[in-house]
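Quick notes on the structure that follows.
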There are 2 protein chains.
Amino acid sequence: MEYKNELRRFIQEELHQYLSHVSVDLTIFGFHDGQLKVLLLRWKGSDDWSLPGGRIHRDENLDAAAYRSLQERTGLREIYLQQFHTFGEVERYKNFSRQETAVRLGIPADLHGELFRRDVSVGYFALVEFAEVTPTPDRFTDECRWWEVAGVPPLLFDHNDMIRLALKTLRQQLSYQPVGYNLLPEKFTMPELQRLYETILGKPLDRRNFQKQMLAYGLLERLEERKTGGAHKAPFLYRFDREKYGKALEEGI
Amino acid sequence: MEYKNELRRFIQEELHQYLSHVSVDLTIFGFHDGQLKVLLLRWKGSDDWSLPGGRIHRDENLDAAAYRSLQERTGLREIYLQQFHTFGEVERYKNFSRQETAVRLGIPADLHGELFRRDVSVGYFALVEFAEVTPTPDRFTDECRWWEVAGVPPLLFDHNDMIRLALKTLRQQLSYQPVGYNLLPEKFTMPELQRLYETILGKPLDRRNFQKQMLAYGLLERLEERKTGGAHKAPFLYRFDREKYGKALEEGI
DNA sequence: TCAAAAGTGTTTAGCATACACCCATGC
DNA sequence: GCATGGGTGTATGCTAAACACTTTTGA
């Protein structure tokens, strides 16, 4: 009941503050335990999951709106965020029909029209450091948590498509833009960086060639320290040279 | 006067048929006389130019809306059309302020607000065969014609930025996707294809290496004929293998 | 002392670059 | 015949891929 009132209040009092017919959706990638993860939200009183997203204030830049949603869900600032595609099909209900979606989410019939108007949605993906994130649900959701990308269930709307395309874009970028700064802790080992690349690309890489290539980019600084406590030979720790990394992001590797 | 009434009629009777706060803009590239060209519109009663664009019907897919505008301006079907970026800044008036734009276009003060609402605009670029195009102005414009990309004047809104980014995207795609099918006539010579590449990339290419590379892609079929009438040795004519070309577009070269 | 992981260097192959000669055509 | 442009082949260099041995560590 409270939820339905919340929906009504949102529609009547707040929806007009935002641009109509446009929204943003976020594919937030994190890396943990050798797995690529994505942050999903479970809707109130349902078992259904979707990507986080949000609307755009009337006086807010598009990028700023995406950034705001990202901060709200993760608590993070200064993260890598990039637009990758705008989804504009009339029928964006893929796994579940529009009607079925409304029922599953317990949206009262008289609110369907207002709440599920047709939107053009601008898709962004973000790369964040797993350990730094505090997953936080929004007003319409009960739970916010990481899912392994490979194990994501059928999502609401066209969000499985979004994740697929975000990942494809990320893979392509890997070859001409540096990745890692925002997905790894400040200090990391070469094997850790390699696991990240292997996970994103979905294929094994040669240890020696990988190291050569990474070092050749000139973005890494090897520290004196080694990572101890592992069961085997202690690997060196590395750190990204922030300035060079930023420049490489701008201009390509 | 007629123009102002047209504007009023549009706002009152037609604007509601479209999604609000979203539009599409098109950068239509053509190739002629060894120059890369872009199709621009001159607004009624003004000397100011902009990219063609349009709004999205409430029951129309985003891509379909872009495609429809493209057909209306060029008369063409079956052209290469691709989304490249969504422009969502609040202030998209770059060369001329919002106020100045209204004055230059002769928009009555009482219509500023309605007609120049803030829009998020999805940018598409298209590649078309120059000779096949019939440039056609829309209801708000007097003239539609090709401009050399390098000589485009300061445009309305953020359209110079759009062209710049469209061109950048096209250049990047050149290296992993085939280009040419939609920019050249069905039969063309290797030197013609090379001019096209050189024009897009803005730099000269080696004749011999270019030919080797193009043929290595396996997308070209050499015809028996040669192009006669030129002042020099008759070059062979080539044609794209449409099936392989389509496959290469999907999967990358 | 052994298994598992990490550090390092060399060889090889493929692709992109650089480059030179011959042929056809119009003036 | 000569200037201009078109057709073709080969040598070279660089980057990416393939690959092996040694070192460190905890069990």
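Here is the naming used below: chain letters follow the sequence lines, and residue numbers restart at 1 for every chain. Worth saying up front: this structure is predicted, and the values here are computed from it rather than measured.
Nucleic acid contact for A/Gln213: none, since no nucleic acid atom lies under 4.0 Å from a heavy atom of the residue.
Atom-to-atom distance recorded for A/Asp138:CG and A/Trp43:CH2 is 7.0 Å, nearest 0.5 angstrom.
Shown here are the salt bridge (Lys or Arg N to Asp or Glu O under 4.0 Å) partners of B/Glu143, two or more places apart in sequence or in another chain: B/Arg42, B/Arg145. Annotation: side chain to side chain contact (heavy atoms under 4.5 Å, CB included) contacts of A/Thr136 (sequence neighbours excluded): A/Thr134. In this view, B/Ala64 and B/Glu60, B/Asn61 satisfy the side chain to side chain contact (heavy atoms under 4.5 Å, CB included) rule, not counting sequence neighbours.
Regarding B/Met214, its CE atom lies at a distance of 10 Å from the P atom of C/dA16, rounded to whole Å. Going from atom CG of B/Leu205 over to atom C1' of C/dC19 covers 16 Å, rounded to whole Å. Rounded to an integer number of Å, the gap from CG of B/Leu237 to P of D/dG7 is 10 Å. As a whole-Å value, the separation of A/Phe210 CZ from D/dA18 P is 16 Å.
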Using atom names, set out every protein N or O paired with an N or O of nucleotides 10-15 of chain D below 3.5 Å, distance rounded to 0.1 Å.
from   : atom 1 : to       : atom 2 : distance (Å)
D/dT10 : O4     : B/Lys212 : NZ     : 2.6

Contacts under 3.5 Å, N or O only, protein and nucleotides 21-27 of chain C:
from   : atom 1 : to       : atom 2 : distance (Å)
C/dG26 : O4'    : B/Ala231 : O      : 3.1

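The neighbour count for A/Arg242 CZ, taken as heavy atoms of other residues, nucleotides or ligands under 6.0 Å away, does not exceed 12.
Between A/His159 and A/Phe157, the ring-plane angle classifies as tilted under the 30° and 60° cut-offs.
The pair A/Arg195-A/Glu192 does not meet the salt-bridge criterion, since no charged nitrogen lies less than 4.0 angstrom from a carboxylate oxygen.
The closest donor-acceptor contact from the side chain of A/Asn182 to the backbone of A/Ile79 lies at 3.5 Å or more, if one exists at all. Using a distance-only test at 3.5 Å, with no hydrogens or angles considered, no donor-acceptor pair links the side chain of B/Thr141 to the main chain of B/Pro137.
Near DNA chain C, meaning a heavy atom under 4.0 Å from it, residues 189-198 of chain A has A/Pro191, A/Arg195 in order of number.
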